[in-house]
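Have a look at the structure below, then the notes.
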2 protein chains.
Amino acid sequence: MKESKYVTIYKEWKEKIESGQIAEGERLPTESSLMESYQVSRDTVRKSLNLLEQNGYIQRGRGRASLVMPKQRYTFPLSEIASFQEVNKLSNAHAETEVVNLDILQDSHKIKKIFQQSVNGEVYELIRVRRMKDEAVILDKDYFVRDVVPRLPLNECKVSVYRYLEEELGLQISYAVKEITVQKANAEDYELLDMGDYNMVVVVKSHTYLENNTLFQCTESRHRPDKFRFVDLAKRKL
Amino acid sequence: MKESKYVTIYKEWKEKIESGQIAEGERLPTESSLMESYQVSRDTVRKSLNLLEQNGYIQRGRGRASLVMPKQRYTFPLSEIASFQEVNKLSNAHAETEVVNLDILQDSHKIKKIFQQSVNGEVYELIRVRRMKDEAVILDKDYFVRDVVPRLPLNECKVSVYRYLEEELGLQISYAVKEITVQKANAEDYELLDMGDYNMVVVVKSHTYLENNTLFQCTESRHRPDKFRFVDLAKRKL
DNA sequence: CAGTGGTCTAGACCACATT
DNA sequence: ATGTGGTCTAGACCACTGT
């Protein structure tokens, strides 16, 4: 499946903006000049600009060329489906991952409780601890449906599970529903994390769905409060 | 300025989905039948469907009609620019608002510190406490640039400031940048909120911008941890 | 005023889902 | 095989921005 023209154009300008080739506050070329340079129709150009706008890179308006937004406004560590590796890259913080446990769960009652809905077959349980500067600050508990992920090599868990799922298994991840709450730390948190003085954790629960709308993963990510930060760009809803 | 056709169609179907006239898991009419019933071009129909998809109401895919998503996935209490009143309505919880203080700040140094950037002129400072079931659980500190909001009637603060800004002043709110962190509670939190056993608060800081890209408001919303919940729909980024 | 983006139309081809 | 949505094109009119 070839990449669409408008995605190509989008990526090109996204890159230019991210790399700072176009300073914030600068204007993009007009739609007509973009049509000219790429030899495409206006609709195609506008689709690219739509993507740039939706992802917070530019702001558009009648009668004026698109404006490049300040960088801060499009670096969302968590509002997209981002794995720890990606967040890590953005924050420049050296971090390490330790696999605590990799197991297979068969008790359908227990599985249903974790996923908060019934799931066919077995699931992998992957528990990992994330370390920053030698402090254990994040506890990740991932659960994968084995009907979709039949094998989960241990060495892939140490790097990026998402990379393995998308590139090796060819899974098309579509969207995830995430919920953030703050809870009292439990025994497991105290055992596996360096909690220091803190007695609470930030809990990010997420359910991840494929293109064909099937639930295939859920995650519970428990953060020490000082190591948690979420940035979001909220647009006025129609 | 008349409302566009595609926005009208979008709102109509959004309403149908929210009210449950179309059950989750059901399919929408096909694009061609929508063109037929509204007597519009395909592009117009597709713009409406784009909006529905972006806001998490439907899921689309090649070769099949759009699918209505489960309700849970589009009730985001905080991922849009939602005022307390709107969130309140969704959560069915009876809540009250008490205005603690309404003041005008003139010290440009102090203002700059609050906004984290320089701002022209004076700003309103509005401090409110939100009560649920007679417990003070949220502390809201709003700051409005007086160049944009010259007057801020006290009685409007008790209801919805956003309603006043949009309907009375005709301001076009465009987007907001929000940041969520968890911090130790300070003296003010203990004084104004019923903190109970808790010693931390969830801090939501947001900067709100108008259509013309000017910063006109910033807010610091401090929540007791048990009364904080954030739900988000994350799409795979291109 | 000219230029720009916002909306709308009509028609075309393709890839994929369903049957 | 048919129908569906995904992409692309070409042309049109209007509302707003900037000068």
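Because the structure is predicted, anything quoted here is derived from the model rather than measured. By convention in this document, chain letters (A, B, ...) are assigned in the order of the sequence lines, proteins followed by strands, and residues within each chain are numbered from 1.
Comparing atom distances between the B:Lys47 side chain and each of C:dC8, C:dG6, D:dG5 picks out C:dC8 as nearest. Taking only side-chain atoms of B:Lys5, from C-beta outward, the nucleotide of D:dG6, D:dC16, C:dC8 with the closest atom is C:dC8. Here C:dT7 is the nucleotide among C:dT7, D:dT7, D:dT4 with the atom lying nearest to any side-chain atom of A:Arg42. Here D:dT4 is the nucleotide among C:dT9, D:dT4, C:dG6 with the atom lying nearest to any side-chain atom of B:Ala65. When distances run from any side-chain atom of B:Thr30 to the nucleotides D:dG6, D:dT7, D:dG5, the shortest one goes to D:dG5. Side-chain atoms of B:Asp43 lie closest to C:dT9 of the nucleotides D:dT7, C:dT9, C:dG5. Here the nucleotide nearest the side chain of A:Arg64, chosen from D:dG5, C:dT9, D:dT17, is D:dT17.
Within the structure, every side-chain polar atom (N or O) of B:Ser41 is placed at least 4.0 Å from both OP1 and OP2 of C:dC8. Of the side-chain N and O atoms in A:Thr44, one or more sit less than 4.0 angstrom from OP1 or OP2 of D:dT9. OP1 or OP2 of D:dC8 has not a single side-chain nitrogen or oxygen of A:Tyr6 nearer than 4.0 Å.
The CG-C1' distance, from A:Asn50 to C:dG6, rounds to 11 Å in whole Å. Atoms CD (B:Glu31) and P (C:dA15) sit 18 Å apart, rounded to a whole Å. Atom C1' of nucleotide C:dG3 and atom CD of A:Glu36 are separated by 16 Å, given to the nearest angstrom. With rounding to whole Å, B:Met35 atom CE is found 15 Å from D:dG3 atom P. Rounded to an integer number of Å, the gap from CZ of A:Arg27 to C1' of C:dT4 is 10 Å. The interatomic distance linking A:Arg46 (CZ) with D:dG11 (P) rounds to 18 Å, in whole Å. The CG-P distance, from A:Leu28 to D:dT17, rounds to 19 Å in whole Å. Between B:Arg62 atom CZ and D:dG6 atom P there is a gap of 8 Å when expressed in whole angstrom units.
Taking the charged nitrogens against the carboxylate oxygens, A:Glu125 and A:Lys141 have no contact shorter than 4.0 Å, which rules out a salt bridge. A salt bridge does not link A:Lys14 with A:Glu12: none of the charged nitrogens is closer than 4.0 Å to a carboxylate oxygen.
Screening residues 113-123 of chain A for salt bridge (Lys or Arg N to Asp or Glu O under 4.0 Å), with sequence neighbours left out, gives A:Glu122-A:Arg146.
Two residues, A:Gln39 and B:Ser32, neighbour DNA chain D, and the one matched to the more 5' nucleotide by heavy-atom proximity is B:Ser32.
Looking at heavy-atom distances under 4.0 Å, A:Arg60 makes contact with sugar-phosphate atoms alone, never a base.
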Point to revise | Worked check of salt bridge (Lys or Arg N to Asp or Glu O under 4.0 Å) between B:Arg60 and B:Glu53 | key: CA-CA 7 Å; B:Arg60 298 158 87 196; B:Glu53 185 181 32; 3.5 Å; yes
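A donor and an acceptor atom, one from each side chain of B:Tyr124 and B:Asp142, are nowhere located under 3.5 Å apart.
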